[in-house]
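Positions are given from 1, in the same order as the sequence printed here. Computation of the quantities below employed the complete heavy-atom set of this structure, encompassing side-chain atoms and omitting hydrogens, waters and symmetry-equivalent molecules. In listed order, ligands and their atoms are each counted from 1.
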Amino acid sequence: MNVLFVGAHPDDIEILCGGTAAIYAKQGHQVFFCVSTNGNVGSATLPPKAIAAIRHKEAANGAAVIGAKLIWLDFDDEFLFDSRESRLAFIEAFRQAKPDVVICHWRHDYHPDHSISSMIVDECVIMAGIPNIKTASPPVAGNPHIYFMDTPAGVGFEPEIYVDITESFATKVQMVAQHVSQNSWMKKMFGYELEVFLEIPAKFRGLQAGCKMAEAFRPSYRWGRTFREHYLPDARFPRMQPGK
Ligand SMILES: [Zn+2]
């Protein structure tokens, strides 16, 4: 499968679902990391262009830990809008990755870059197949499954799917550690060392799921996409046969 992760900022994918990305990669799937904004406000000392260049390199290093391909959309950090330009950039990313599965932010996440990138993915992924919408790459067939990743600290997110990341947690830490410029910020903002910052939600989701460490997801129930897997009623109803 081709699995496309879409994050708002460099490091979001690694922090919120890097353990799952590592498992996909280990299983031989082609993994793509699409980063929507360039993180150009992510420093208290460096100007936007300088910190964006550093974060681009760090994002490439984070993706390289598991052999994921990086797609860098380069929108300004904090100013991602739903516009013609942004939709076309996302559509081009879908066409490059040809995903079977897309994992993006939760629609009601805490930050506008998170929620807007989620909205564009969830509502516009189908446009990648429309020939009259022109981007650099040709249109792709299919309507991939969309899943939402957990929110930071799990706030306001009720999971429906858990992935056991006990074995891949060390890889996740290694991926997040590539974002050197951000790690001191995180400590300042959240008061935790990097590994502890990642460990607490992993153990909490693990506690919910019945394993040591987990990452949490939920599907997008948009029409035409997940309905065979997710709309099947329970045993008290007649079951629909796939393909009929
Ligand atoms: Zn973010």
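- Shortest distance from the Zn ion (ligand 1) to His9 is reached at ND1 (N/O/S atoms only).
- Counting all heavy atoms, side chain and backbone alike, Ser181 lies closest to Ile54 at CB-CG2, 4.1 Å.
- Backbone or side-chain N, O or S atoms of Asp12 reach the Zn ion (ligand 1) at under 2.8 Å.
- At most 12 heavy atoms of other shown residues, nucleotides or ligands fall within 6.0 angstrom of atom CD in Glu167.
- The CG atom of Asn2 sits 11.5 Å away from the OH atom of Tyr24 when rounded to the nearest 0.5 Å.
- Using the six-membered ring where Trp is involved, His111 and His114 have ring planes that are tilted, between 30° and 60° apart.
- For the Zn ion (ligand 1), the nearest N, O or S atom contributed by His114 is named NE2.
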